[in-house]
Amino acid sequence: MSDAVAADLTEVRAAAELLAFGLQRRARPVEGSDYRALLDRYRTELRFRDVVDTMAEGLGLEALGTPRSGIVLAPEPGGPFATRLTDFRAMDQSERLVFGLVLIGIAAYAYPQDVDFDDPETKLVDLVKVDEFLRAAVDTLKAQEGGEGTPEERARVAAEIYSDMPQLITTQTGRRGRGCTLKAIEDALGWLVDQGAAREATSLGPDVYHLTDRFRLLVADSAGGAALDALRELRAAS
Amino acid sequence: MTAASVVSPAADATARARWRALALTDPIARLVRNAAHAGIDDELFDLRQLALAAVDLVVGSMGFAREATLEEVADDLTALAARMRPDRAHQARDVAQVVLKGLLNEAHEHRRFTYWFADLSGDRVEREPYSFRLLSLREAEYGPVLTASDQAITLFLHGLDVDLEDADRALAHVLQRQLDDRRFDAAVRTAAQAERTSVGIAATLSELLDATRRDVGSHDWLVDVPERLAIARRHVEERIAEDDRFLEHVQSGLDAETSGDVRAASGRIVDLLGRVRQVHLDLERRLVGAREVFLAAQVRQRLTKRRRLRMLALGEDVLRPALDLPREQAVEVTTAFADRSLGVGVPRLVRFDDLLDQLWAPPRQRETVEPVAEEAGLEEAAEEDVQRYPAAVVEGAREVLSAARVTEEGAALSELLEASGDDEVAELVLLTALWAFAPDPAADEEDPDGSVELAGGLEALDEGVELDHRLARGRDLRIRPLRLGVEEEPSIADELEAVGE
């Protein structure tokens with residue numbers, strides 16, 4: 001006898017609708033909306049949750065959680081919904097490294113402790129503070145005695161590429177120019193805004209951003225683990 | 001076996017440090033050399049002194065509530081350069097800019113100056129990089145400001161080591177002395193500086209508390225912070241008492257003094273001291289609450305029950321190890337993180353209908369100010385745009401079309417096509433005729449073939465005659481000079497006349 005459980009087609013349709021809402025960055029589960037009703041169903045009905053999770057899995061997605069702002073979906077790498085850093089702009093290896101470090105820096109600044117991933121309080125990040133945080137991390141690393149390798153090899157570590165970039169270059173029109181770390185952080189936060197992972201907090205200042213629950217859960221339950229896995233693999237290989 | 005010494009053990013012991021000091025002055029030597037290319041003569045302007053002055057100016061405002069902006073330092077250097085050569089004051093601005101650009105390493109996109117030391121102490125030679133900045137730009141709430149690096153400060157202002165608390169105390173002594181000597185102008189300046197110093201202390205404390213609220217592990221609350229808080233508390237208690245005493249001192253002088261100047265200066269000091277006192281009272285309030293901030297952060301960050309145990313401290317577990325990896329390996333870690341932290345991307349499939357509409361849509365109007373276009377390089381300028389007709393063809397077409405501009409009747413398209421010697425000229429004449437017949441305002445700005453420009457002031461009318469040419473078939477057109485609204489729309493004056501009749 002098969003273990004398969006037949007799913008009701010109306011349930012399947014409702015599950016698909018919920019995933020569609022999750023894929024739209026601007027959809028909000030406001031009181032009385034269809035999205036909200038589906039979200040409540042996901043939270044309370046185990047069977048419906050299974051249907052949604054299974055469907056998501058088939059689509060190359062994973063439902064990470066349901067904070068108040070809506071269902072948070074994470075793409076499987078290589079799946080149809082996967083996003084790559086290079087989708088935003090063509091970049092060479094060192095640019096990819098800087099933007100990657102910036103994104104880790106933003107996350108580490110906002111969520112320094114494990115407990116921060118449980119905290120639904122919106123985190124505020126300030127562009128300049130993120131840069132100072134990253135530079136302080138680089139300085140701490142340098143201050144630690146006995147780094148491995150020769151001085152020449154030490155000059156090739158990732159920290160040096162960040163440390164080598166100036167904090168600020170201004171263009172003729174007074175804006176931040178490419179090639180400085182503040183511009184890289186501004187761009188990275190801009191992409192997070194496009195992805196619904198951050199919002200500009202213009203009332204608090206021109207360079208202040210709110211990080212949304214989406215970013216928190218993506219970092220906590222997808223990106224953080226992926227980075228740790230990559231580190232582990234590198235250590236095992238060496 | 002150890003390697004042979006380079007010169008002597010004693011000399012080698014300090015070689016690296018001396019080499020570094022030597023390297024630190026190289027950017028100045030380099031900027032002096034490069035200045036010659038910018039047409040600035042080192043014998044006319046003392047560029048080394050200007051570089052020293054730039055570091056002095058920047059350091060003079062560092063750590064205070066308002067630091068020096070690039071513009072301010074450039075202005076001061078310009079004034080200084082103009083003083084060096086009053087007869088060449090017009091060059092002073094350029095000189096100041098050359099100095100600042102050199103110190104910022106603008107030739108290498110503001111990156112650090114890097115020099116390689118050949119370490120001969122081991123069995124094999126090891127190249128050791130030494131990287132540093134002299135000046136750098138930093139973003140402040142009132143715009144980009146200049147800061148000097150530790151290296152710049154150590155080398156160019158040897159021995160400058162300002163401890164905020166001590167500076168404040170020193171200022172208090174200076175102020176007291178100035179008041180006693182009745183040097184009121186100097187006292188005003190000193191009181192203003194005291195205010196800046198106090199604001200600096202308040203800002204440091206505020207940063208410390210913010211960092212603790214964010215991450216309780218960011219500062220050492222076991223030994224370091226309690227010590228710093230104790231010192232700050234003692235300092236504030238002393239300062240509040242001092243402020244009161246000063247205020248009383250100045251105010252009593254104010255009551256007794258009859259001279260207008262002294263009364264005005266004293267009034268300014270009273271205002272300043274009032275503000276400084278307020279800063280100290282605020283600082284005291286923050287100090288009283290500091291421990292509470294730590295305890296609350298401790299409870300929230302360390303003692304709260306976890307909803308889900310992830311065992312992930314990003315700074316320690318991911319950021320630091322990634323920073324310490326060679327670039328090729330680090331990029332694997334950062335990319336794994338970045339790709340997943342950006343969330344889902346919904347692929348958009350192109351629909352043929354939408355694509356067609358988009359291709360036909362008028363170009364978007366740019367709302368922001370156009371950036372200043374860079375001048376095309378010589379090579380680029382010399383190349384002809386392959387999308388345009390060659391200049392000779394455009395000229396030929398212009399000549400042919402001029403026949404239609406001579407008389408009011410103009411000329412038939414068939415005649416013009418016959419008159420065109422070259423097929424390309426004929427093609428352009430044809431396009432121009434079509435353009436004159438049905439102008440497209442959307443594509444007006446693009447003008448890929450030059451026909452818009454040629455059709456200026458022409459109109460084309462369908463005469464109902466058949467056209468039979470090698471390049472075109474259909475109705476023949478009459479190309480004639482454009483008559484603006486003569487027949488179709490009567491002017492307002494005409495209408496008024498008609499009403500009057």
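Letters A, B, ... are given to chains in the order of the sequence lines, protein chains preceding strands, and every chain is numbered from 1. Bear in mind that the values here come from a model prediction, so they are computed numbers and not experimental data.
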If you measure from [atom1] on [X] to [atom2] on [Y], what distance do you get to the nearest 0.5 Å?
X        : Y        : atom1 : atom2 : result
A:Leu141 : B:Asp324 : CG    : CG    : 4.5 Å
A:Ile106 : B:Ser341 : CD1   : OG    : 8.5 Å
B:Asp317 : A:Leu231 : CG    : CG    : 9.0 Å
B:Leu342 : A:Asp87  : CG    : CG    : 9.0 Å
B:Leu137 : A:Gln167 : CG    : CD    : 8.5 Å
B:His108 : A:Asp164 : NE2   : CG    : 11.0 Å

For a quick test of reading the model, state the closest non-hydrogen atom pair linking [X] to [Y] and the distance between them.
X        : Y        : value
A:Ala230 : B:Ala336 : CB-CB, 4.2 Å
A:Met165 : B:Arg111 : CG-NH1, 3.6 Å
A:Gln113 : B:Gly217 : NE2-N, 4.3 Å
A:Pro75  : B:Gly343 : CG-O, 3.4 Å
A:Ala223 : B:Phe337 : CB-O, 3.4 Å
A:Pro166 : B:Arg133 : CA-NH1, 3.8 Å

[X] [atom1]: over 12 foreign heavy atoms closer than 6.0 Å:
X       : atom1 : answer
B:Arg30 : CZ    : yes
A:Arg96 : CZ    : yes
B:Arg18 : CZ    : yes

| said: Looking at A:Asp114 and B:Ala313, would you say the former's side chain and the latter's main chain have a donor-acceptor pair under 3.5 Å? | reply: no
| Do you know which of B:Arg138, B:Arg214, B:Glu128 has the most heavy-atom pairs under 4.5 Å to chain A? | B:Arg214
| field | Top contributor to chain A interface from B:Asn105, B:Val216, B:Leu314, B:Thr114 [non-hydrogen pairs under 4.5 Å] | value | B:Leu314
| Any side-chain donor-acceptor pair under 3.5 Å between A:Ser163 and B:Arg112? | yes
Proximity breakdown for [X] and chain B, heavy-atom pairs closer than 4.5 Å:
X        : result
A:Ile161 : both
A:Asp207 : side chain
A:Val219 : both
A:Arg232 : neither
A:Leu234 : side chain
A:Phe88  : side chain

Do [X] and [Y] touch side chain to side chain, with heavy atoms closer than 4.5 Å?
X        : Y        : value
B:Leu319 : A:Leu134 : yes
A:Gln93  : B:Glu328 : yes
A:Thr83  : B:Asp339 : no

| message | Checking A:Lys129 against B:Glu139 for the salt bridge (Lys or Arg N to Asp or Glu O under 4.0 Å) test, could you report, in this order, the C-alpha distance in whole Å, the side-chain angles of both residues, the deciding distance, and whether it holds? | response | CA-CA 10 Å; A:Lys129 293 239 169 82; B:Glu139 184 102 335; over 6 Å; no
Most chain B-contacting option - heavy-atom pairs closer than 4.5 Å, from [options]:
options                                : value
A:Leu101, A:Val72, A:Leu127            : A:Leu101
A:Gly225, A:Gly205, A:Ala110, A:Ala220 : A:Ala220
A:Gly179, A:Ala197, A:Ala137           : A:Ala137
A:Tyr111, A:Trp191, A:Phe117           : A:Phe117
A:Arg176, A:Glu132, A:Arg214, A:Gln24  : A:Arg176
A:Gln195, A:Arg156, A:Lys123           : A:Arg156

| Atom group of B:Thr335 that falls short of 4.5 Å from chain A, counting heavy atoms | side chain
| Region of B:Glu106 in contact with chain A, defined by heavy-atom distances below 4.5 Å | neither
| Hey, mind stepping through A:Glu160 and B:Arg327 against salt bridge (Lys or Arg N to Asp or Glu O under 4.0 Å) and telling me if it holds? | CA-CA 9 Å; A:Glu160 287 297 314; B:Arg327 289 168 197 192; 6.0 Å; no
| query | side-chain contact (heavy atoms from CB on, under 4.5 Å) between A:Ile104 and B:Thr334: does it pass, once the steps are laid out? | reply | CA-CA 7 Å; A:Ile104 299 178; B:Thr334 57; 3.9 Å; yes
| said: What verdict does the side-chain contact (heavy atoms from CB on, under 4.5 Å) test give for B:Leu325 and A:Val157, after you've listed the backbone C-alpha separation in whole Å, the side-chain angles of each residue and the deciding distance to 0.1 Å? | reply: CA-CA 5 Å; B:Leu325 282 174; A:Val157 299; over 6 Å; no
